Amino acid sequence: MEALARDRFELADDLIYLDGNSLGPLPRGVSQRMAEVIQTEWGASLIRGWNDHSWIGMPGRVGDRIARLIGAGLGTVMVTDSTSLNVAKVLSAAVDLRPQRRVVLSDSGNFPTDLYMAQGLLGARKTGHELRIVAPEEVEAAITDAGDDLAVVMLTHVDYRTGRMHDMPSVTAATHAAGALSLWDLAHSAGAVPVDLTGDDVDFAVGCTYKYLNGGPGSPGFAYAAPQHAATMTPLLSGWMGHASPFAFDLDYQPAEGVERLRVGTPPVLALSALDAALDVWDGIEMAAVREASVGLTTAFIEGVEDRCGDHDLQLVTPRDPARRGSQVSFAHPAAYAVVQALIADDVIGDFRAPDVMRFGFTPLYLGLAEVEEAVERLRTVLDERRWDRAAFKVRAAVT
Ligand SMILES: *Cc1c(COP(=O)(O)O)cnc(C)c1O
């Protein structure tokens with residue numbers, strides 16, 4: 001099985017990049033497009049660019065391109081702000097739509113920033129809301145337990161550390177049966193696994209664009225609101241770009257129609273342009289094909305590692321059932337940090353998550369079975385030769 005579109009990326013031939021779940025690689029065409037945007041749009045058009053190049057509409061236009069990948073309708077996704085900020089914005093809107101209820105349910109597999117933002121937001125509101133955090137496998141029982149007090153279920157679809165994937169249709173249905181609203185973080189789903197926000201009747205969603213969508217370091221996040229909520233929700237941050245007519249310069253805030261009201265300030269045109277160009281790699285690619293290839297790659301990696309490295313102290317922490325995992329595989333190892341460093345020195349880039357997890361993302365757009373087999377062999381060499389046991393590989397960098 002070959003990669004689906006490796007020629008659409010600028011990747012060195014001998015590099016095995018297994019960290020596209022953290023920062024996607026540079027797609028071909030982005031550098032050139034950026035040079036064009038900077039020279040002709042910014043440089044030559046100057047202030048006229050807002051109209052001549054429709055910069056002002058970019059959050060919605062780029063959002064529509066992402067919508068196709070997450071099963072959302074046109075005009076329901078805005079690319080704006082960071083994922084952290086978007087969590088606070090849509091959580092606030094969701095909580096307001098269930099005014100009599102006081103529980104926001106999440107799980108301990110959620111990415112910390114989502115929990116931090118919820119803690120900060122609910123604390124600042126001073127409305128007595130509780131953020132209830134349960135184990136991932138206890139979510140459905142906790143939905144029933146919370147009953148009439150459940151306002152919102154806020155979960156990350158694919159666990160950033162273990163790769164475990166929640167059953168989005170079933171959890172969303174249980175949430176609705178309890179009278180509550182769903183908020184899904186798609187950071188490790190968008191561009192990685194098929195998602196059907198419309199079909200699953202999801203209320204709110206957020207996600208990153210610099211992971212599987214390859215938008216570049218710090219590219220803006222996206223936010224989704226189902227049309228029935230978008231039209232009535234109250235924006236937490238009522239910035240001028242989310243105003244019904246920003247250039248009327250009214251003294252009073254009037255929310256824009258629909259999901260546009262999730263916009264806040266001036267859009268980052270250069271970052272959006274890079275993301276827009278990066279999204280070209282999805283032309284002609286269907287998420288069903290990506291998923292099928294991804295399951296093949298993750299299965300081959302798990303089987304390869306267990307077969308070739310089975311005598312080393314590795315523990316699979318990702319669900320073995322492909323239906324229950326996203327597009328990454330994690331193994332625990334007592335020297336996980338140093339093993340990852342030794343692998344990186346050998347051109348296999350994965351990453352480490354505390355306390356002892358080695359994480360490998362598999363992106364079928366630029367990875368095929370040959371790369372998976374080669375990665376397994378290089379891991380085996382690192383372990384057989386105890387290369388990780390060198391002082392240089394044990395020094396933890398500030399950012400890993
Ligand atoms: C990567 C990630 C984030 C990052 O949020 P930023 O605001 O972009 O830093 C948030 N949530 C999840 C689940 C993530 O995996």
Side-chain angles (χ1 to χ4, degrees), residues 18-25 59 62-63 66 70 77-92 94 104-121 131 133 136 139 152-166 168 171 182-193 195 197 202 204-224 236-237 262-265 267-268 271-272 274-275 278 317-318 325-330 350-354 357 359-363 398-400:
L18 306 182
D19 218 357
N21 51 321
S22 200
L23 177 69
V62 180
I66 292 172
I70 54 174
V77 177
M78 281 293 137
V79 183
T80 176
D81 303 312
S82 62
T83 302
S84 303
L85 210 47
N86 288 332
V87 166
K89 286 154 58 185
V90 299
L91 177 58
S92 169
V104 172
L105 180 67
S106 191
D107 73 21
S108 52
N110 209 340
F111 192 77
T113 199
D114 296 44
L115 301 175
Y116 301 160
M117 293 307 285
Q119 286 161 7
L121 172 79
L131 175 65
I133 301 172
V139 165
V152 180
V153 178
M154 175 187 92
L155 297 169
T156 292
H157 183 214
V158 176
D159 186 307
Y160 74 103
R161 196 191 277 129
T162 65
R164 174 203 40 73
M165 182 164 68
H166 274 299
M168 187 180 292
V171 175
S182 59
L183 192 181
W184 289 99
D185 188 328
L186 307 178
H188 295 277
S189 310
V193 297
V195 172
L197 293 183
V202 166
F204 295 96
V206 299
C208 289
T209 64
Y210 50 80
K211 294 173 178 164
Y212 293 92
L213 297 179
N214 316 302
S219 60
F222 64 85
Y224 165 86
L236 169 68
L237 301 172
L262 288 177
R263 294 179 59 170
V264 181
L272 281 163
L275 171 61
V317 292
T318 300
R325 66 173 183 255
S327 203
Q328 69 171 70
V329 175
S330 302
D351 66 20
F352 163 81
R353 284 293 175 267
V357 172
R359 206 170 65 139
F360 304 99
F362 291 89
T363 314
V399 176
T400 53

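Start at 1 and go down the list; that is how both ligands and their atoms are numbered. What you are looking at is a predicted structure, and each value in this text was computed from that prediction instead of being measured.
- Heavy-atom minimum distance, Ser84 versus Thr113: OG-OG1, 2.9 Å.
- Here the side chains of Trp184 and Val171 are in contact, with some heavy-atom distance below 4.5 Å.
- Two residues are said to be in side-chain contact when any heavy atoms from C-beta on lie closer than 4.5 Å; Pro220 and Thr80 fail this criterion.
- Among protein residues, Ser82, Thr83, Ser84, Phe111, Thr113, Asp114, Thr156, Asp185, Ala187, His188, Cys208, Tyr210, Lys211 come within 4.0 Å of ligand 1, judged on heavy atoms.
- The backbone N or O of Val153 sits nowhere less than 3.5 Å from a side-chain atom of Ser182 that would complete a donor-acceptor pair.
- The structure places OG of Ser189 at 10.5 Å from NE2 of His166, a figure rounded to the nearest 0.5 Å.
- Taking the side-chain contact (heavy atoms from CB on, under 4.5 Å) definition, one finds that Asp159 meets it with Arg161, Thr162, Arg164, sequence neighbours left out.
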